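One structure is given below, encoded as structure tokens.
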There are 2 protein chains.
Amino acid sequence: MILELVDIHILLDQQAEFELALQRGVDTVISKALGCCAYKINKSLESPGRYILMIYWKTLENHTVDFRQGPLFAEWRALVGPYFAVPPQIEHFTLLGASA
Amino acid sequence: MILELVDIHILLDQQAEFELALQRGVDTVISKALGCCAYKINKSLESPGRYILMIYWKTLENHTVDFRQGPLFAEWRALVGPYFAVPPQIEHFTLLGASA
């Protein structure tokens, strides 16, 4: 399992619209992607307009190849891309440890 | 429930030692803190020396007051602080949505 962490900063006056678009994007696009196991949407308390989207993929290639190079990526970006203040920072992580 | 996301960059030649210290820190300090519900340790695939520590607190004040202003904070920093290349970036998040 690989965690894709997406660090999103949006235009400040569009939070309500973005949150609807993001929920629609994970419901209709991300959750249907090959190897997508789970997701979480987190909203910052300190930085208005900052969101952390966590997507758990079965393999790294399910994200980098199957999703990013497949048809779903354009659908996803069409929904959420218009709200981005800057391009999201994306990085992948492995789980080293967790509480029981 | 509040997510504390700790974005850590360590000195590059000390990953093995840091990972032991971090595990010891969550086992012996963080997991004993008032209101600490769970944690996850994530290691970057793309950025050597970058780790994302997720700590789930019952309330924001369990972190910002009870932990940061209590005696456990010095214990925690004594264990993991020597490995930091820069001060960790810390931010709090609420959960807006998640997969079923």
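Lettering of chains follows the sequences in order, A, B, ..., and the numbering in each one begins at 1. Model, not experiment: these values are computed from the prediction.
Only the side chain of B:Gln23 comes within less than 4.5 Å of a heavy atom of chain A; its backbone N, CA, C and O stay farther away. Both the backbone and the side chain of A:Leu96 come within contact range of chain B, with heavy atoms under 4.5 Å apart. With a threshold of 4.5 angstrom between heavy atoms, B:Ile30 does not approach chain A through any atom at all. Only the side chain of B:Ile2 comes within contact range of chain A, judged by heavy atoms closer than 4.5 Å. Contact annotation for B:Ser31: neither backbone nor side-chain heavy atoms come within less than 4.5 Å of a heavy atom of chain A.
The hydrophobic clustering, which links ILVMFWY residues whose side-chain heavy atoms are closer than 4.5 Å, places A:Leu22 and A:Phe73 together. Both A:Ile55 and A:Val26 belong to a single network of hydrophobic side chains, linked directly or stepwise wherever heavy atoms of I, L, V, M, F, W or Y lie under 4.5 Å apart. If you chain together hydrophobic residues whose side chains sit under 4.5 Å apart, A:Phe93 and B:Phe93 fall into the same group. Transitive grouping of hydrophobic side chains (ILVMFWY, heavy atoms separated by less than 4.5 Å) keeps B:Met54 and B:Ile8 in distinct clusters. Linking ILVMFWY side-chain heavy atoms closer than 4.5 Å, directly or via other members, places B:Phe84 and B:Leu5 in two distinct hydrophobic clusters.
Contacts from residues 35-53 of chain B to chain A, taken as heavy-atom pairs separated by less than 4.5 Å, involve B:Ala38, B:Tyr39, B:Lys40, B:Ile41, B:Asn42, B:Lys43, B:Ser44, B:Leu45, B:Glu46, B:Ser47, B:Arg50, B:Tyr51, B:Ile52 in sequence order.
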